[in-house]
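Remarks on the structure that follows.
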Amino acid sequence: MKHALALLALCLFTAPLLAQNKAMLVIHGGAGTITRQNMTPEAETKHREGLEAALRAGHAVLARGGSSLDAVEAAIRTLEDNPLFNAGKGAVFTHEGRNELDAAIMDGKTKKAGSVAGVTIIKNPITAARAVMEKSPHVMMAGRGAELFATKMGLEIVDPSYFWTEARWKSLQNALMKEEEQKKKEQPDASLERNDAKFGTVGAVALDAGGNLAAGTSTGGMTNKQFGRIGDAPIIGAGTYASNDSCAVSATGHGEFFIRWTVAYDIAALMKYRGLTVKQAAEEVVMKKLVEAKGEGGVIALDRNGNFAMTFNSEGMYRGWIGADGVPHVAIYRD
Ligand code: ASP
């Protein structure tokens with residue numbers, strides 16, 4: 001009897017510790033034509049620092065026993081506030097020269113989800129997405145309604161000019177110029193497809209000490225997108241998905257493909273129904289299905305055991321992970 005009690009006490013004591021050892025955070029800062037040739041050493045250092053800061057912010061939450069949802073939100077807010085990434089402060093411009101932001105978050109334990117689309121004055125759209133999930137009866141809110149809701153919830157509101165950055169403005173001017181050239185040549189308009197050469201959306205997936213998964217994604221979308229265009233990031237099952245029965249996924253890439261191929265949910269479904277590992281499932285969707293379709297981009301995906309994939313079919317993807325030891329790992333290029 002005494003032994004049984006001691007064993008029980010040992011199990012009760014070690015179970016959370018073991019789970020905590022699996023605590024994991026994986027992030028991305030966008031995929032695309034990111035090569036050593038088109039990156040200066042200074043830009044590379046800044047991107048690495050930005051990714052590390054986000055990893056540390058999320059890890060701090062997990063290390064104190066916080067939830068995967070809190071970790072995802074903390075990591076993404078850090079990236080949203082960094083002008084280098086195409087989310088929040090660094091959002092790209094629409095054709096008309098405005099910034100319209102999308103974001104989503106999902107809780108793998110409850111399958112609750114929240115998202116906002118086409119918002120222009122919310123400083124941290126990921127927090128607005130979370131408010132939709134937790135404080136409204138809805139999953140998705142768009143435009144003015146989402147903005148009024150965020151205002152009512154006391155979230156930080158900014159003037160649309162907050163999102164103006166010179167680098168993104170130049171990208172739009174380049175895209176507009178290319179569009180004009182194409183029009184002159186009477187070629188079909190491909191300006192949305194390849195104008196920016198890279199996608200800069202940010203995302204995070206996390207596993208907490210309680211064994212719960214969460215995923216989040218935030219983006220300014222694609223340079224030169226049309227007014228009102230919404231990408232995959234805020235669409236549950238396309239750019240963002242989390243369920244404790246399979247995995248948590250956040251995507252980056254050409255949203256129109258990620259929506260039609262329901263990328264995030266397809267990865268989860270391949271694990272659930274075909275028993276693939278998280279790496280196999282991500283490979284199958286990103287390296288086979290999307291490559292065949294010519295849909296460029298990548299994903300981060302994480303399962304309940306802390307196994308993860310950072311799979312992309314573009315030349316590079318800003319990415320990183322941090323485990324229980326608190327050491328951040330970041331990578332940018334394919335090799
Ligand atoms: N997936 C995003 C979108 O289509 C773009 C990106 O990943 O950079 O809106």
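In this text the structure is predicted, and so the values were computed from the model without any measurement. Read the numbers this way: they start at 1 and go in the same order the structure lists the ligands and their atoms.
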### Task
Please go through V291's hydrophobic cluster and name the other residues, only I, L, V, M, F, W, Y counting, with side-chain heavy atoms under 4.5 Å joining them.
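Result for V291 is none, singleton.
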### Task
For the pair Y265 and Y241, name the ring-plane relationship: parallel under 30°, tilted 30 to 60°, perpendicular over 60°.
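Y265 vs Y241 ring planes: perpendicular.
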### Query
Mind checking whether Y318 and H47 have parallel, tilted or perpendicular rings, split at 30° and 60°?
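Judged by the thresholds at 30° and 60°, the geometry between Y318 and H47 is parallel.
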Which donor-acceptor pairs under 3.5 Å do the side chains of residues 151-161 make with protein atoms, sequence neighbours left out?
from : atom 1 : to   : atom 2 : distance (Å)
T151 : OG1    : E147 : O      : 2.7
D159 : OD2    : S161 : N      : 3.0
D159 : OD2    : S161 : OG     : 2.7

### Query
Under the criterion side chain to side chain contact (heavy atoms under 4.5 Å, CB included), which of L207, L302, I267 is the partner of C247?
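Among L207, L302, I267, the one that satisfies the side chain to side chain contact (heavy atoms under 4.5 Å, CB included) with C247 is I267.
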Could you list the atoms of ligand 1 found under 4.0 angstrom from a heavy atom of [X]?
{"X": "G231", "answer": "9 (O)"}
{"X": "T252", "answer": "6 (C), 7 (O), 8 (O)"}
{"X": "G221", "answer": "5 (C), 9 (O)"}

### Query
Does ligand 1 have an atom under 4.0 Å from some heavy atom of R229?
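In this structure, R229 qualifies as a contact of ligand 1 - some heavy atom is under 4.0 Å.
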### Query
Hey, does G239 sit under 4.0 Å from ligand 1 if you only count heavy atoms?
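Distance cut 4.0 Å: G239 fails for ligand 1.
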Would you say ligand 1 has an N or O under 3.5 Å from any N or O of [X]?
{"X": "G253", "value": "yes"}
{"X": "G255", "value": "yes"}
{"X": "T201", "value": "yes"}

### Option of least heavy-atom distance to atom 3 (C) of ligand 1 (set: N86, D232, T219)
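Checking each option, the heavy atom nearest atom 3 (C) of ligand 1 is found in D232.
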### Message
Check E256 with K225, please: is the shortest side-chain N to carboxylate O separation under 4.0 Å?
### Response
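Answer for the salt bridge query: no.
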### Query
Is a donor on one side and an acceptor on the other found under 3.5 Å between the side chain of R304 and the backbone of L213?
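No, R304 side chain to L213 backbone: no donor-acceptor pair under 3.5 Å.
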### Task
For ligand 1, note which part of M317 has a heavy atom under 4.0 Å away: side chain, backbone, both or neither.
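Looking at M317 and ligand 1, no heavy atom falls under 4.0 Å.
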